[in-house]
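Below is one structure, written out as structure tokens; comments come after it.
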2 protein chains.
Amino acid sequence: MQNNCMIDSKLKVLQMVAQHGTVTAAAEALHYTPSAVSYRVRQLAEELGVELLAPSGRGVALTAAARVVLRHAEVLYAEAERTYAELAATVDEPTGLFTLCGFSTAASRLLPPAASDLRERFPRITLRVIEAEPVRCFDLLLSGDADLALVTNTADTPPASDERFDQKPLLDDPLDLVVPEGHRLTRLSEVDLADAADEPWIVGSPGTTYHHLVMNACMTAGFTPNIAHHADEWETGTALVAHGFGIILVPKLARLQDWPVVRLPLSGDAAPVRRVLAATRKGGRDHPLVTAALERISSSSTLPVVRDEA
Amino acid sequence: MQNNCMIDSKLKVLQMVAQHGTVTAAAEALHYTPSAVSYRVRQLAEELGVELLAPSGRGVALTAAARVVLRHAEVLYAEAERTYAELAATVDEPTGLFTLCGFSTAASRLLPPAASDLRERFPRITLRVIEAEPVRCFDLLLSGDADLALVTNTADTPPASDERFDQKPLLDDPLDLVVPEGHRLTRLSEVDLADAADEPWIVGSPGTTYHHLVMNACMTAGFTPNIAHHADEWETGTALVAHGFGIILVPKLARLQDWPVVRLPLSGDAAPVRRVLAATRKGGRDHPLVTAALERISSSSTLPVVRDEA
DNA sequence: GGAACCATGCAGAATAATTGCATGATCGAC
DNA sequence: GTCGATCATGCAATTATTCTGCATGGTTCC
């Protein structure tokens, strides 16, 4: 996808200062130096005839005028994205760089086939895949370093109402229960999450998305899990399970190493899922490369596709 | 008012090429050289990854992609204008240059008092008034050389649907009949346009707005005028009237030199008017300086104000 | 066929943006 | 309090970008 021509880059600088809170952090995100950022914001402020930044502590704070500008900037960027999308749709052979990003599992299981498919259908596009946490995915979208992101919702993730992004539910990734081989639950024909209420649990570190996900799932199923261990990677968790330290929940999308464990699909209404969202910059959802990528991901996935119109 | 920051100036260049048809004319309007315009358009095209201009005869023609870009550019500019307006409304003391323009009569009768009033209310604003034909007024708005224009509708004027402009009816300027002193019509207590059906008429040159205006008025009143002479300036027309060559219609707003003529207000339903419109760039209508200027013009005018919401 | 007009490319000039450091100011820790 | 860390900004030098002036090649009109 092309970079932001159309909108003056000074606005992007201001937006980055707003996003990252400090001039220095904005500079880092833009691959600039702090003094360049400072200079450009000052310049924008002069051209607009208003103050945009005010010193606050050792950093800066946005003025009311800056917030006005940023609110309108969202509209501008969305319109620019729609333009790029429309142009790409009218051109026979889109050209340029298209970057997909997504959290670990998505990056390993969903993005490579989609990218490969796109490369075949649009040979003149250079494709790039970045594995990044959801929060960083949104940063990548905003800075133009990525064009489509697969994310899950976390507490740090922008809300759906954020006018800078489009977030569309893409598919639901159900969670499987992983138990050691020969575990009592493997003898049941159908396993419900509540069946595992008395087991020792292995969850993510407090505060992580995975921790919340498991906790919420258990609460919904009607019990508070007995937390025996913490593990933040599937590999670690699976190893603990294999050695009989407890059980874990893993998304279907996640591939596990070869351990003596059994993956049990969960049934019942409370069967927990991890919802995968497709995020773009506002206005970029209809870009032909975006729709092609999402189509491919939806159609090739064995997971339930969310047919919701966000 | 501030110049166009926010939107990349390359878009303005493309818009100017579209508006003026040739690279050379666009360059002139932007105070650039043709090669600079050519360079910038090429650059925009490269950044967007599309062709924007194609050679056509000895000039250039816009591609479909260029038209797509321009359609979106209209939205961008409108949003930028709304931003400027909102910023100016939040700032206690607007600063900068504010330019009013209008056709001759408006420039001499309506703009000076409005400008004077603005200068008093906004001392830090530099005011500028430009007298220009309606068509050029729109060019001035587009190029940012003017911020508010008083125009009348002509055949060359952009239609109300043009998304680059806001055109709001401001006031109706009724046309008076000008006859020599002692003319038979001066003895009537009320004069209808139809009463002048048999007089020799002095109108503008064919094709001018004034010509159309008079012709339409007469047609509406139910007669085809007997055109004896053509005069494009009030001064000339009045002189001809004074010497008994015929009669003319002049807008109430127009001041006439001291000739032995009588101005007769017209009554009746068919009483012709010249509608004065206030034009701004799209989105600029709510700028505090614009609203202040229009308020002043409306309130100080003895002419019927159009209370229409355009 | 020639003159006028138009767009574009290129080298050099003018302009603008960016860096690298130095300064001053604030905050937290000890 | 004082020191070190963090942050923003200003300035001079460097670097990148943009613009001009002219030359070229194509097109139209007379």
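Lettering of chains follows the sequences in order, A, B, ..., and the numbering in each one begins at 1.
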Between B:Trp234 and B:Tyr210, what is the ring plane arrangement, given parallel below 30°, perpendicular above 60°, and tilted in between?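 Aromatic pair B:Trp234/B:Tyr210 classed perpendicular.
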Tell me whether the rings of B:Phe138 and B:Phe165 are parallel (<30°), tilted (30 to 60°) or perpendicular (>60°). perpendicular
Whole angstroms only, please: what is the [atom1]-[atom2] distance between [X] and [N]?
| X | N | atom1 | atom2 | answer |
| --- | --- | --- | --- | --- |
| A:Asp8 | C:dA17 | CG | C1' | 12 Å |
| A:Arg40 | C:dA16 | CZ | P | 12 Å |
| B:Arg42 | C:dC6 | CZ | C1' | 15 Å |
| A:Glu46 | C:dA17 | CD | P | 11 Å |

N/O (side chain, B:Tyr39) to phosphate O (OP1/OP2, C:dG9) under 4.0 Å: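 Result: no.
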Looking at A:Arg58, does any N or O in its side chain come under 4.0 Å of the phosphate oxygens OP1/OP2 on C:dG28? no
For DNA chain C, which residues of residues 18-37 of chain A approach it to below 4.0 angstrom with any heavy atom?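 Heavy-atom contacts with DNA chain C come from A:His31, A:Tyr32, A:Thr33, A:Ser35, A:Ala36.
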Is the backbone of B:Asp232 close enough, under 3.5 Å, to the side chain of B:Thr236 for a donor and an acceptor to pair up by distance? no
Heavy-atom donor-acceptor pair, B:Arg121 side chain to B:Ala292 backbone, under 3.5 Å: no
Could you check B:Leu118 against B:Ile125 for side chain to side chain contact (heavy atoms under 4.5 Å, CB included), going step by step and ending with a plain yes or no? CA-CA 8 Å; B:Leu118 285 179; B:Ile125 292 286; over 6 Å; no
Salt bridge A:Arg82-A:Glu79, side-chain N to carboxylate O under 4.0 Å: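 A salt bridge is present here (some side-chain N lies under 4.0 Å from a carboxylate O).
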Name of the residue among B:Glu163, B:Glu74, B:Glu81 meeting salt bridge (Lys or Arg N to Asp or Glu O under 4.0 Å) with B:Arg281: B:Glu81
Anything under 4.0 Å to a heavy atom of chain A counts; send over the first and last such nucleotide of DNA chain D, read 5' to 3'.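 Both ends considered, the range comes out as D:dA5 to D:dG10.
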I need the minimum non-hydrogen distance between B:His230 and B:Ser205, along with the two atoms involved. ND1-CA, 3.9 Å
